[in-house]
There are 2 protein chains.
Amino acid sequence: MNPNSIGKDYLDHISIDCVIFGFHNKSLRVLLLKWKTINRWALPGGFIKKNEHADAAAQRVLSERTELSNIFLRQFHTFSDPDRNKADGNLDISLLPVRFSKEAIDWIKGRFVTIGYFALVDFNKVKPVPDLFSEECRWWELEQLPVLLYDHHHIVDAALIALRDALQYQPMGKYVMPKKFTLPELQKLYEVILGKKIDRRNFRKKILGLNIIHPLGETRKGGAHRSPDLYSFN
Amino acid sequence: MNPNSIGKDYLDHISIDCVIFGFHNKSLRVLLLKWKTINRWALPGGFIKKNEHADAAAQRVLSERTELSNIFLRQFHTFSDPDRNKADGNLDISLLPVRFSKEAIDWIKGRFVTIGYFALVDFNKVKPVPDLFSEECRWWELEQLPVLLYDHHHIVDAALIALRDALQYQPMGKYVMPKKFTLPELQKLYEVILGKKIDRRNFRKKILGLNIIHPLGETRKGGAHRSPDLYSFN
DNA sequence: TGCCTAATGTGTAATATTTACGCAATAATA
DNA sequence: TATTATTGCGTAAATATTACACATTAGGCA
């Protein structure tokens with residue numbers, strides 16, 4: 001994003017925000033940005049070009065932050081509380097990057113209706129990249145998020161609920177699991193998303209019955225006990 | 001809405017559109033507006049005031065069109081195709097109401113990202129009221145919609161899918177059925193929303209098991225055969 | 001080397017939910 | 001009063017979900 005394009009090339013008062021989910025070490029994570037100067041963590045987001053689809057804008061933000069393309073992306077809700085950017089009362093966005101013009105700063109400080117998306121990515125393939133507003137981009141465990149900018153924590157909560165609902169219909173493990181994985185690993189993913197324990201044996205039966213994964217004939221070595229079989233999505 | 005407030009009191013490039021569902025004579029219906037001059041039917045919609053929540057804007061539009069308050073309302077998707085208002089290539093919005101200023105007409109002709117809501121109302125309680133752009137407001141059977149403005153037909157389709165999904169989780173008959181109704185009537189509602197036939201006896205078992213309705217001890221007279229019992233939602 | 005431990009793979013039984021369908025009761029019509 | 005079509009009520013079959021027993025395996029350790 002070009003600092004000079006702020007407030008000119010984009011639609012006014014509309015933004016998109018992405019809750020990017022990854023899975024690593026048995027825990028669900030989201031990719032966050034640390035905003036400059038104000039030192040607050042926030043969701044990756046951006047604006048919509050005057051002739052751009054919001055989905056395209058989200059996909060653009062996603063590729064910029066992760067260096068991935070063709071990411072699983074789904075719009076889940078639009079947040080329009082007129083005071084949603086005032087949740088942080090003591091926060092002055094104008095302290096942000098100095099290279100913005102006064103007009104651009106006024107533009108950014110205005111009200112934004114934001115379209116929320118959630119994305120699913122392979123944790124191992126992501127190369128986190130900060131944007132113009134941020135100095136750092138990294139994964140956070142969903143269970144241990146820092147204080148977030150504005151209403152972003154609320155957006156994350158809503159995204160998780162949307163993901164949970166979606167998982168009932170559509171098996172989306174494909175987008176978050178690495179190429180090779182074990183059934184216990186996949187089960188853990190389901191457990192953290194659904195927020196409940198699942199019986200090993202029933203889970204196996206269910207997933208294998210869906211015919212969406214196949215065994216590779218290999219096992220994951222190195223564990224303390226019996227080596228679990230490795231699978232891949234079809 | 002005051003014609004002079006167009007393009008001034010509202011957020012630019014953002015609108016809301018409502019798919020208002022009603023149920024009458026065994027069929028699902030939506031409330032549509034016939035736009036002046038261009039004579040095309042469209043969804044009731046409106047703009048968001050500069051300090052207004054989109055939900056409030058939708059509720060406002062809803063009460064204006066139906067003369068009802070406290071309507072069941074749910075946001076389901078935001079439509080952002082930059083060309084969505086160009087689907088009607090030969091349509092010139094500027095032919096619309098003469099009392100708008102040139103600025104207002106330019107504003108309206110611009111791109112709009114629209115937040116889609118669906119609403120459930122009691123058909124019998126609605127008094128359809130046209131808005132500033134329209135000369136008529138009336139119900140249309142979902143199965144026999146006319147050609148709609150822009151991408152509104154697509155919005156209706158998406159709303160129906162959202163309603164269908166929601167009905168699985170939450171019994172929403174309460175909002176569309178009249179105070180007194182029979183089980184076969186309620187069943188028909190489910191059938192038209194879900195798009196499939198349901199077994200009478202299983203439907204009865206399921207609904208009664210939910211403990212959301214109670215018999216009134218009366219029956220609906222006048223039918224050609226056995227009079228069905230009347231129920232109300234709790 | 002061989003036992004212990006804990007996790008995985010496989011199977012089966014119990015339970016709950018969904019689906020299918022038979023039959024009696026009833027109200028208008030002829 | 002018989003006919004007909006629809007409603008109310010009940011039961012059985014099929015399917016899906018849940019619970020749980022037991023054998024297999026790999027590393028740890030004596």
Side-chain angles (χ1 to χ4, degrees), chain A residues 23 25-27 164-165 167-171 173 177-178 180-234, chain B residues 23 25-27 164-171 173 177-234:
Chain A
F23 184 64
N25 254 38
K26 300 190 174 185
S27 77
R164 189 173 294 166
D165 287 352
L167 189 64
Q168 318 266 15
Y169 288 96
Q170 196 188 345
M177 298 304 286
K180 300 178 176 187
F181 58 90
T182 69
L183 271 178
E185 284 162 7
L186 183 62
Q187 176 177 340
K188 187 65 193 174
L189 172 70
Y190 273 72
E191 288 181 342
V192 293
I193 292 177
L194 300 177
K196 64 174 183 188
K197 283 279 171 195
I198 306 174
D199 181 88
R200 273 182 323 112
R201 295 146 293 191
N202 295 334
F203 179 77
R204 165 184 304 274
K205 212 183 333 180
K206 181 177 182 174
I207 296 296
L208 292 180
L210 294 176
N211 283 103
I212 50 172
I213 64 174
H214 58 272
L216 295 175
E218 316 165 41
T219 59
R220 161 110 55 230
K221 307 289 184 188
H225 306 287
R226 175 171 183 171
S227 303
D229 297 342
L230 282 169
Y231 291 84
S232 271
F233 276 92
N234 298 337
Chain B
F23 185 64
N25 253 44
K26 300 189 175 186
S27 76
R164 189 173 295 167
D165 287 352
L167 189 65
Q168 319 267 15
Y169 288 96
Q170 197 188 343
M177 298 305 287
K179 211 170 270 148
K180 300 177 175 186
F181 58 90
T182 69
L183 271 178
E185 284 163 6
L186 183 62
Q187 176 178 340
K188 187 64 192 173
L189 172 70
Y190 273 72
E191 289 181 341
V192 292
I193 292 177
L194 300 178
K196 63 175 184 188
K197 285 277 172 198
I198 306 173
D199 181 89
R200 277 184 317 114
R201 295 147 290 189
N202 296 334
F203 179 77
R204 166 184 303 276
K205 212 184 332 182
K206 181 177 181 173
I207 296 296
L208 292 180
L210 293 175
N211 284 102
I212 50 172
I213 64 173
H214 58 271
L216 295 174
E218 316 165 42
T219 59
R220 159 107 60 225
K221 306 289 184 188
H225 305 288
R226 176 170 181 173
S227 303
D229 297 342
L230 283 169
Y231 291 83
S232 271
F233 276 92
N234 298 338

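Both backbone and side-chain heavy atoms feed into the values below; hydrogens, waters and symmetry mates do not. Protein chains get the first letters and strands the later ones, always in sequence-line order, with residue 1 at the start of each.
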Could you check how far CZ of B:Arg204 sits from C1' of D:dT6, rounded to whole Å?
-> 11 Å
Could you tell me whether the side chain of A:Arg226 has a donor or acceptor atom within less than 3.5 Å of a complementary atom in the base of D:dG27?
-> no
When the nearest nucleotide of DNA chain D is assigned to B:Leu208 and to A:Ala224 on a heavy-atom basis, which residue is associated with the more 5' position?
-> B:Leu208
Integer-rounded Å distance: C:dT8 P and A:Leu186 CG = 13 Å
Find the distance A:Ile207:CD1 to C:dT10:P and express it as a whole number of Å.
-> 15 Å
Distance-only donor-acceptor test (3.5 Å): side chain A:His225, base D:dA26 | no
So which one's nearest nucleotide on DNA chain C is more toward 5', A:Leu183 or B:Gly223?
-> A:Leu183
Just checking B:Lys205: base, sugar-phosphate only, or nothing, at a heavy-atom cut-off of under 4.0 Å?
-> base
Can you tell me which residue pairs pass the ring pair (Phe, Tyr, Trp, His ring centres under 6.0 Å) test with a partner in residues 191-234 of chain B, sequence neighbours excluded?
-> B:Phe181-B:Phe233, B:Tyr190-B:Phe203
Salt bridge present between B:Lys180 and B:Glu218 (N-O < 4.0 angstrom) = yes
For A:Arg201, does its backbone N or O pair with a side-chain atom of A:Asp199 as donor and acceptor, under 3.5 Å?
-> yes
Would you call B:Arg220-B:Glu185 a salt bridge at under 4.0 Å N-O?
-> yes
